[in-house]
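Encoded as structure tokens, the structure appears first; notes follow it.
Only heavy atoms go into these numbers, but all of them, side chains included; no hydrogens, no water, no symmetry mates. In this text the structure is predicted, and so the values were computed from the model without any measurement. Quick note: residue numbers are just sequence positions, from 1.
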Amino acid sequence: MAHNKDTTNFEGLLFHFMDTPDPMLSMLEWLCHRMMEAEVSSKIGADKYEQSQERTSHRCGFRPRRLDTRVGTMYLMVPKVRNGGYIPFFVTERKRSEAALIQVIQEAYVQGVSTRKIEKLAKSLGIEGISRSQVSEMTQGLNEQAEEFRNRPLSSNAYPVLWVDALYEKVRYAGRVVSMAILLVCGVNNEGKREVLAIEPMLEESKESYRQLFEKMKERGLKKPSLIISDAHKGLVAAIGACFPGASWQRCKVHFMRNILVHVPHKEKERFAGLLKGIWMTTDPVIARQRARELSEEYRTKCPRAIDTLEEGLEDALTFLSFPQLDSRKVSSNNMLERLNREIRRRTKVVGIFPNPEAYLRLVTVYLMEYSEDWSVTKAYLSESSLSSLSNQAA
């Protein structure tokens, strides 16, 4: 029996789609148009061509809208509504990070600072000609979500180990482009799971800016950690000592080795670096200090500044050895936060220069919210048993 292509029934629809170049994409496009019509009818209180006393607005044509999906790219004719506008729900239900990125683009346009890079990014997201009202609707509640995450209470858990670092991007501020820092703090809770604990924008790294960061965390309920890992920024180290007396500070061994190796001649660098790494290739503090002494004796004349730097900061870079129950690979350096920062930069570099500090903070925050959510369902970063004694020490 012959089948006609009657699109009024399911069987007819299937045969209709099978005759198209991309059946799956055609089915999705048809479904999207049906959902838009249903949503617009609900929004204005009347079906297409229907006369209704409950009508609140009217259709007024269509606008083309590119939509990129995993099935492929399609171009929809989105119904226009006279009062209040209309954006399909399947467009607004994007990931928070994409909504934040779209808002960055919109702010760049509004402030007249769009670049070819921004325009190319906008087109890749299918948002040519996006309006302020459309973006506001798409990102409704985004700022509130970000602020709620940044200011959530920390009193429900203890965080015995913290990692601290700063992330820099170029931002337009007070009519000029500046390099702006966002100070990040990550920690592990008593179950060993990682969390993003603080995201604070600062125009500079200083003792005062870090002090404000830590005091705000304490106001949110943060208890004194047992171990804090960071680089040796003087302001940061001073703020740790002032805000968390009694907490141990681990100088990031990776940053420390870089600080030492800049004073080593190129011809000596490879061998010197191998011996230097050997200091941290043991969990025995006696062996570590012995290796450091042997390196100092061999290179004191050849590389005096390198040896001075090593001897000056060695004890701070060996603090982790006082916590043998913890995984030394994870608490001897800031690598965990460095990797996170690289991932953030990989995602923010598509913007180039942020239109304002608020756009920068919002985008970074929603990215970090997603990472924190992922961490909550992955295995522990540090074992719960190794942290139990540290939790008991935290004030």
Side-chain angles (χ1 to χ4, degrees), residues 161-170 179-184 186 204-207 210 227-241 248-324 326-349 352 381:
V161 182
L162 303 181
W163 291 261
V164 187
D165 201 2
L167 177 69
Y168 278 87
E169 294 284 0
K170 291 182 179 179
S179 182
M180 183 175 177
I182 285 185
L183 308 183
L184 303 180
C186 289
E204 63 176 1
E205 287 188 85
S206 65
K207 178 182 178 180
Y210 276 112
L227 180 63
I228 302 174
I229 302 110
S230 76
D231 62 24
H233 186 282
K234 290 183 178 179
L236 171 54
V237 176
I240 289 172
S248 297
W249 172 60
Q250 164 66 34
R251 180 174 184 171
C252 172
K253 68 177 183 182
V254 176
H255 285 88
F256 185 41
M257 285 190 278
R258 290 174 191 161
N259 296 152
I260 296 169
L261 289 171
V262 296
H263 302 300
V264 179
H266 180 73
K267 64 179 182 179
E268 298 284 352
K269 202 173 289 278
E270 184 176 353
R271 183 172 186 278
F272 190 104
L275 295 173
L276 187 63
K277 290 177 183 177
I279 297 172
W280 288 275
M281 297 294 288
T282 178
T283 56
D284 188 331
V286 175
I287 295 175
R289 293 185 179 96
Q290 176 61 34
R291 290 175 179 175
R293 283 194 296 271
E294 292 171 355
L295 179 60
S296 297
E297 291 170 2
E298 181 176 349
Y299 281 95
R300 187 174 302 280
T301 303
K302 296 179 183 179
C303 310
R305 292 187 65 186
I307 298 307
D308 288 344
T309 303
L310 170 63
E311 293 178 342
E312 181 182 354
L314 180 64
E315 290 305 314
D316 290 326
L318 295 178
T319 300
F320 73 97
L321 295 177
S322 299
F323 299 87
L326 299 180
D327 187 335
S328 61
R329 298 168 301 171
K330 296 176 179 177
V331 299
S332 59
S333 75
N334 228 4
N335 279 353
M336 184 270 287
L337 210 45
E338 287 277 313
R339 286 193 295 270
L340 180 61
N341 284 349
R342 282 197 297 270
E343 282 297 303
I344 295 296
R345 290 189 187 99
R346 182 179 63 81
R347 301 173 77 178
T348 57
K349 72 178 181 180
Y381 189 68

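Note that the CZ atom of R293 and the CD1 atom of I279 stand 11.0 Å from one another [nearest 0.5 Å]. Taken to the nearest 0.5 Å, the OG1 atom of T348 stands 12.5 Å off from the NZ atom of K170. Remark: S296 OG to L275 CG distance equals 11.0 Å, nearest 0.5 Å. Atom CG in L310 sits 11.0 Å away from atom NE2 in H263 (nearest 0.5 Å). Taken from CZ in F323 to OG in S248, the straight-line distance is 3.5 Å, to the nearest 0.5 Å. In this structure, CD1 on I240 lies 11.5 Å from NE2 on H233, to the nearest 0.5 angstrom.
What you find for H255 and C252 is that their closest heavy atoms are ND1-SG, 3.1 Å. The two residues L295 and I307 have their closest heavy-atom pair at O-CD1, 3.9 Å. Taking every heavy atom of both residues into account, R251 and N259 meet most closely at NH2-OD1, 3.2 Å. Nearest heavy-atom pair, K269 versus L261, reported as atom, atom and distance to 0.1 Å: NZ-O, 2.5 Å. For the residue pair V264 and C303, the shortest heavy atom distance occurs at CG1-SG, 4.2 Å. Pairing each heavy atom of A166 with each of L183, the nearest pair is CB-CD2, 3.8 Å.
Listed by chain and residue number, D284, I287, A288, R291 satisfy the side-chain contact (heavy atoms from CB on, under 4.5 Å) test with T282 (two or more places apart in sequence, or in another chain). For R271, the side-chain hydrogen bond (donor to acceptor under 3.5 Å, both in side chains) partners two or more places apart in sequence, or in a different chain, are E298, Y299. E343 pairs by the side-chain contact (heavy atoms from CB on, under 4.5 Å) definition with R346, Y371, not counting sequence neighbours.
Put simply, the side chain of N334 gets close to the backbone of V164: a donor and an acceptor are under 3.5 Å apart. Judged purely by atom type and a 3.5 angstrom limit, W280 uses its side chain to pair as donor or acceptor with the backbone of A317. Between the side chain of K330 and the main chain of M336, no donor-acceptor pair closer than 3.5 Å is present. Without hydrogens or angle criteria, Q250 side chain to T319 main chain gives a donor-acceptor distance under 3.5 Å.
Proximity of M180 to E169: side-chain heavy atoms (C-beta onward) are nowhere separated by under 4.5 Å. L326 has its side chain within reach of L227: a pair of non-hydrogen atoms, C-beta onward, lies under 4.5 Å apart. Using a 4.5 Å heavy-atom threshold, the side chains of K234 and K207 count as separate. Side chains of Y168 and E205 form a contact here, defined as non-hydrogen atoms less than 4.5 Å apart. Side-chain atoms of N335 and R339, non-hydrogen and from C-beta on, do get closer than 4.5 Å to each other. In this structure, the side chains of V237 and D231 stay at 4.5 Å or more apart for every pair of heavy atoms.
The only member of Y210, W163, W249 that meets side-chain contact (heavy atoms from CB on, under 4.5 Å) when paired with S230 is W249.
No more than 12 heavy-atom neighbours from other residues, nucleotides or ligands sit within 6.0 angstrom of CZ on R305.
Using a cut-off of 4.0 Å between Lys/Arg side-chain N and Asp/Glu carboxylate O, R289 and E315 are scored as salt-bridged.
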### Message
Go through it in stages, so that I can follow the logic: the residues are L162 and C186, the test is side chain to side chain contact (heavy atoms under 4.5 Å, CB included), and I'd like the CA-CA distance, side-chain angles, deciding distance and then a yes or no.
### Response
CA-CA 6 Å; L162 303 181; C186 289; over 6 Å; no

### Query
Is there a side chain to side chain contact (heavy atoms under 4.5 Å, CB included) between I260 and F272 once you walk through the steps?
CA-CA 10 Å; I260 296 169; F272 190 104; 3.7 Å; yes

### Task
Quick one: do R300 and E311 satisfy salt bridge (charged side-chain N to carboxylate O under 4.0 Å, His left out)? Show the steps, please.
CA-CA 11 Å; R300 187 174 302 280; E311 293 178 342; 2.5 Å; yes

